[in-house]
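Worksheet: the structure to be examined is printed underneath.
Chain identifiers are assigned alphabetically (A, B, ...) following the order of the sequence lines, protein sequences preceding nucleic acid strands; residue numbering begins at 1 within each chain.
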Amino acid sequence: MCGRYDIEIDPKTLSAMLGLEVPDFIADADFSPGDTGPVIAVGADGQTKVVLMRWGLEPSWMKEKPTRPMFNARAETVAEKPMFRSAFRKKRALVPARAFYEWTGKPGSKTKWRFSRPNGNLLIFAGLWEARDRGDGQKQLTFTILTTTPNADAADYHDRMPVILDDNAQKIWLDPEADPQFLLALAAPAPDGTLKVDAA
DNA sequence: CCAGACGTTGTT
DNA sequence: GTCTGG
DNA sequence: CCAGACGTTGTT
DNA sequence: GTCTGG
């Protein structure tokens with residue numbers, strides 16, 4: 001679930017919507033694992049920023065990058081898995097999107113569905129990020145999106161959906177002091193009616 | 001204490 | 001980075 | 001995530 | 001089947 005989403009927004013428009021500075025990025029209606037796009041995170045200086053990161057988490061301790069990009073993390077186990085537990089504690093992120101996609105049907109002849117807010121507002125996914133040494137002195141920033149069980153809007157299409165946070169939950173998710181148990185409680189299915197679905 | 005290990009998810 | 005095993 | 005590509009060798 | 005590109 002959630003291996004593709006829509007971030008086809010002009011950076012200036014996104015900046016106005018978020019109330020944050022946004023670096024230039026490629027507005028992509030079919031943003032895919034391995035692509036680089038805008039992510040909201042709290043820097044070492046405590047400031048909330050929008051930074052460009054690559055989709056597919058790579059923990060700092062991994063010698064080799066994963067063979068497949070780790071573009072999702074299960075909310076149910078994110079606090080325990082070696083892959084995610086460090087980031088869950090210290091590197092939580094918010095991922096803006098206009099919509100996400102899911103598919104039904106058989107490989108080669110799948111039907112693509114687009115999930116977005118009925119009012120056109122942004123979806124904000126719960127995410128995690130990491131900074132990994134690249135060997136050339138640079139840091140490779142990567143991120144992943146949490147998934148959970150589907151709400152009624154999505155259940156007919158898939159058995160997972162991304163964790164979508166409301167305004168209040170977004171603030172808590174980025175709070176370095178937030179209680180882990182409370183964070184896990186936030187990483188739940190969005191209320192029914194949050195999403196509309198269209199053929200894509 | 002140190003040394004060494006440690007992959008996810010979604011899909012079929 | 002964090003946990004486990006010794 | 002999905003869609004689409006994916007060829008070797010010997011010879012000129 | 002598996003890898004690459006999007």
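Nucleotides D:dA3 and B:dC6 have their P atoms positioned 35 Å apart, rounded to a whole Å. Taking atom P in both B:dT9 and D:dA5, one finds a spacing of 31 Å when rounded to whole Å. Comparing E:dT4 with D:dG7, their P atoms sit 12 Å apart, to the nearest whole Å. Comparing the P positions of D:dG10 and B:dG4 gives an interatomic distance of 47 Å, to the nearest angstrom. On the C1' atoms, B:dT11 is 10 Å away from D:dC1, given to the nearest whole Å.
Ring geometry for A:Trp55 versus A:Phe31: interplanar angle under 30°, hence parallel rather than tilted (30 to 60°). Aromatic ring pairs are classed by plane angle as parallel below 30°, tilted from 30° to 60° and perpendicular above 60°; the pair A:Phe115 and A:Phe100 is parallel.
A straight line from NZ of A:Lys63 to P of B:dA5 spans 7 Å, rounded to a whole angstrom. One can place CD of A:Glu102 at 13 Å from C1' of B:dT11, the figure rounded to the nearest angstrom. In this structure, A:Asp35 places its CG atom 15 Å from P of D:dC1, rounding to the nearest Å. If you measure from atom CZ of A:Phe125 to atom C1' of B:dT9, you get 16 Å, rounded to the nearest angstrom. Atom pair A:Lys81:NZ and B:dG10:P shows a separation of 11 Å (rounding to whole Å applied). One can place CZ of A:Phe31 at 17 Å from P of D:dC2, the figure rounded to the nearest angstrom. Rounded to whole Å, atom C1' of C:dG1 lies 12 Å from atom CG of A:Leu57. Note: CD (A:Glu130) to C1' (B:dG7) measures 13 Å, nearest angstrom.
Not one side-chain nitrogen or oxygen of A:Asn72 sits closer than 4.0 Å to the OP1 or OP2 atom of B:dT8. Distances shorter than 4.0 Å separate none of the side-chain N or O atoms of A:Arg4 from OP1 or OP2 on D:dC2. Neither OP1 nor OP2 of B:dT8 sits under 4.0 Å from any side-chain N or O of A:Lys65.
Comparing B:dT11, D:dC2, B:dG10 by their nearest atom to the side chain of A:His158 picks out B:dT11. For A:Arg85, the listed nucleotide lying nearest its side chain is C:dC3; candidates were B:dT9, B:dG7, C:dC3. Here C:dG1 is the nucleotide among D:dC2, B:dT8, C:dG1 with the atom lying nearest to any side-chain atom of A:Ser60. The side chain of A:Met83 lies closest to B:dG7, out of B:dT9, C:dT2, B:dG7. Comparing atom distances between the A:Met70 side chain and each of C:dG1, D:dC1, B:dT8 picks out B:dT8 as nearest. With B:dG7, D:dC2, C:dT2 as the choices, the nucleotide that has an atom nearest any side-chain atom of A:Pro66 turns out to be B:dG7. Distances from the side chain of A:Arg74 to the nucleotides B:dG7, B:dG10, D:dA3 place B:dG10 closest. Nearest to the side-chain atoms of A:Thr77 among the listed nucleotides B:dT12, B:dG7, B:dT9 stands B:dT9. The side chain of A:Trp103 has D:dC2 as its nearest neighbour among C:dG1, B:dG7, D:dC2. Residue A:Pro33 has its side chain nearest to E:dG6 when only D:dA3, E:dG6, B:dT8 are considered.
Nearest heavy atom pair, residue A:Pro69 against residue A:Gly56, reads CB-CA, 4.0 Å. Residues A:Pro11 and A:Val22 come closest through the heavy atom pair O-CB, 3.8 Å.
Residue-level contact check: A:Arg68 touches the bases, meaning some heavy atom is under 4.0 Å from a base atom. When heavy atoms are screened at a 4.0 angstrom cut-off, A:Gly34 is found touching no nucleic acid atom at all. Note on A:Lys112: nothing from the nucleic acid sits closer than 4.0 angstrom, heavy atoms only. Across all strands, A:Tyr5 comes closer than 4.0 Å to no nucleic acid atom at all (heavy-atom distances). Residue A:Ala87 is classed as having no contact, given no heavy-atom separation below 4.0 Å to the nucleic acid. When heavy atoms are screened at a 4.0 angstrom cut-off, A:Thr144 is found touching no nucleic acid atom at all.
By the 4.0 Å N-to-carboxylate-O rule, A:Arg134 lies close enough to A:Asp136 to be salt-bridged with it. A salt bridge does not link A:Asp35 to A:Arg54: none of the charged nitrogens lies less than 4.0 Å from a carboxylate oxygen.
For B:dG7, the base has a donor-acceptor partner in the side chain of A:Thr67 [N/O atoms by modelled type, under 3.5 angstrom]. Taking only distance into account, the side chain of A:Ser32 meets the base of E:dG6 through a donor-acceptor pair shorter than 3.5 Å.
Atom CD1 of A:Ile26 has 12 or fewer heavy atoms from other residues, nucleotides or ligands within 6.0 Å.
Base pairing annotation: E:dT4 forms a Watson-Crick or G-U wobble pair with D:dA3, both donor-acceptor distances under 3.5 Å.
Per the stacking criterion (ring centres < 5.5 Å, plane angle < 30°), A:Trp61 stacks onto the base of B:dC6.
For A:Asp166 and A:Asn168, the side-chain atoms include no donor-acceptor pair closer than 3.5 Å.
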